[in-house]
Amino acid sequence: MSTTEYAEIFAEVKVILERFVDVSEKIDEETELINDLDLDSLRVMEIVQEVEDTFDISFPLNELSSIRTVKDFVLQVQQEIKA
Amino acid sequence: MGFFKKLSTIAHARKELAKLGIDPFNVEIEEILSPATARIAGREVLLAGTNNYLGLTFDPRCIEAACKATRTEGTGTTGSRMANGTFAGHRALEQELAAFYGCSTAIVFSTGFVANLGMISTLTVPGDTILIDGDSHASIYDGCRMSGANIIRFRHNNAADLDKRLCRLGDQSKKALVIIEGIYSMLGDRAPLADIVALKKKYGFWLMVDEAHSLGVLGQKGRGLVEEVDCLDDVDFIVGTFSKSLGAIGGFCVSNHPELDLVRYASRSYVFTASPSPATIASVRQALQLLASGDELRERLWRNAHHLYDGLVHLGFRLGPDPTPVVAVYMGSKEETLLCWKQLFEQGVYVNLVLPPAAPDGTSLLRCSVSAAHTVEQIETILSKFSSLKKP
């Protein structure tokens with residue numbers, strides 16, 4: 001997948017994340033989902049559902065443990081789109 | 001702090017509770033007086049949060065069966081069935097459970113939690129796919145995690161959402177395991193089982209139903225949602241617990257797949273834990289007989305459930321969507337809900353406090369569970385205490 005497609009996914013994911021967190025939080029690739037955005041497990045599940053619907057993918061929950069940053073999340077979404 | 005650092009949020013939450021002068025997750029029962037009452041902090045409290053649906057914990061026949069088994073077989077098995085042997089009662093209970101459901105095979109586990117861990121983590125391996133309802137019990141989530149399989153969560157009780165996720169799986173869907181619950185423990189709502197069975201016919205997946213809160217509650221003979229919806233033959237695995245309607249502790253799985261019997265040799269949760277004690281097995285066998293012939297108990301349970309549900313609706317509370325013996329009352333903020341719980345408790349009524357993330361959608365709940373053992377007057381007392389609460 002090209003860099004442009006990564007950027008498109010990032011932009012969509014960022015919009016979704018902004019709906020779930022304090023808008024004053026600046027979200028970039030290195031933002032950490034738990035430590036920086038203070039998301040609890042329930043919120044993370046809701047975000048995953050939104051992302052699944054947006055990209056028409058199913059995101060296995062077992063992949064979540066390896067995701068720390070927004071970039072990790074976007075790369076995993078990219079992988080699920082390709083699968 | 002070391003390893004304990006991760007528990008600092010819990011330490012903080014406990015300090016906040018201490019400021020309110022309550023400890024809702026650590027209630028000490030000084031004396032249990034009956035299935036519906038206990039002495040707590042020196043006074044009698046009406047219990048409305050025990051999952052003791054049929055009220056069998058004090059049934060004299062169950063107590064006598066447990067006493068007799070203890071006298072003749074001892075207090076415990078002191079090990080697993082693999083290492084220490086199967087007692088006659090273990091085998092008899094499995095045969096009786098299989099006969100109760102009209103299934104070929106049954107396995108008894110040491111708890112309901114362990115039944116889910118053992119079944120899910122043994123049936124599936126990395127590379128398999130499990131689809132679970134978003135509101136699934138922790139034992140289902142943990143069993144899935146232990147299996148290493150891909151875990152896909154669908155929106156609670158939303159068959160259309162499950163359909164969408166199965167469709168995305170393509171050919172893999174026929175090898176997937178879908179897990180749902182008969183009655184969900186927090187909101188008390190039933191799974192849309194008929195719709196999910198229709199999806200099973202479309203996609204060919206394997207289906208497991210956890211009847212922990214619906215055994216003894218739903219169905220003409222108390223066999224749960226699978227009986228109520230008349231789809232016993234469409235479900236691959238039924239998992240359940242002895243700790244609610246059957247008034248003891250333990251878990252089980254029944255199936256018409258004879259290969260289920262092989263699970264016991266591969267399930268670490270079965271092989272490496274002590275088997276249920278003779279007293280437990282004996283009281284469960286007795287309770288199962290009462291449950292199977294317990295139309296009157298179920299009628300009383302449902303009369304009480306409707307009485308409480310309708311009464312709370314009349315008082316203006318927002319409740320879970322389905323009137324069942326699990327009655328979930330939506331409250332306001334976490335702080336308001338804590339204070340309401342405290343008020344009920346001080347007025348002599350014990351219900352379950354459910355705070356996020358245990359409660360769905362970030363809500364806070366006061367969860368009641370109704371028993372056949374509650375009297376009409378006791379249900380009226382619960383309603384009267386709720387009527388004095390400040391509604392959200």
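Just so it is clear, the model here is predicted, and its values are computed rather than measured. Within every chain, numbering begins at 1; the chains are lettered A, B, ... in the order of the sequence lines, protein sequences first and strands thereafter.
Looking at B:D195, its side chain never comes within 3.5 Å of a backbone N or O of B:A159 through a donor-acceptor pair. Judged by distance alone, with hydrogens and angles left aside, the side-chain atoms of B:T273 form no donor-acceptor pair with the main-chain N or O of B:S269 at under 3.5 Å.
For the side chain to side chain contact (heavy atoms under 4.5 Å, CB included) test, residues two or more places apart in sequence or in another chain that qualify with A:V44 are A:I34, A:L39, A:V48, A:L64. Remark: B:D23 engages B:R14 in a salt bridge (Lys or Arg N to Asp or Glu O under 4.0 Å) (not counting sequence neighbours). By the salt bridge (Lys or Arg N to Asp or Glu O under 4.0 Å) test, B:K201 pairs with B:D234, sequence neighbours left out.
The six-membered or imidazole ring of A:F59 lies near that of A:F73, with a centre-to-centre distance under 6.0 Å.
Heavy atoms of B:A359 lying under 4.5 Å from chain A belong exclusively to its backbone.
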Record all donor-acceptor atom pairs with a distance under 3.5 Å between chain B and chain A; write none if the list is empty.
from, atom 1, to, atom 2, distance (Å)
B:A149, O, A:N62, ND2, 3.4
B:N150, OD1, A:N62, ND2, 3.0
B:I151, N, A:N62, OD1, 2.8
B:I151, O, A:L61, N, 2.6
B:R155, NH1, A:D53, OD2, 3.0
B:R155, NH2, A:D53, OD2, 3.0
B:K164, NZ, A:D53, OD1, 3.1
B:R165, NH2, A:E52, OE1, 2.4
B:R168, NE, A:D56, OD1, 2.8
B:R168, NH1, A:I57, O, 2.7
B:R168, NH1, A:S58, OG, 3.4
B:R168, NH2, A:D56, OD1, 3.2

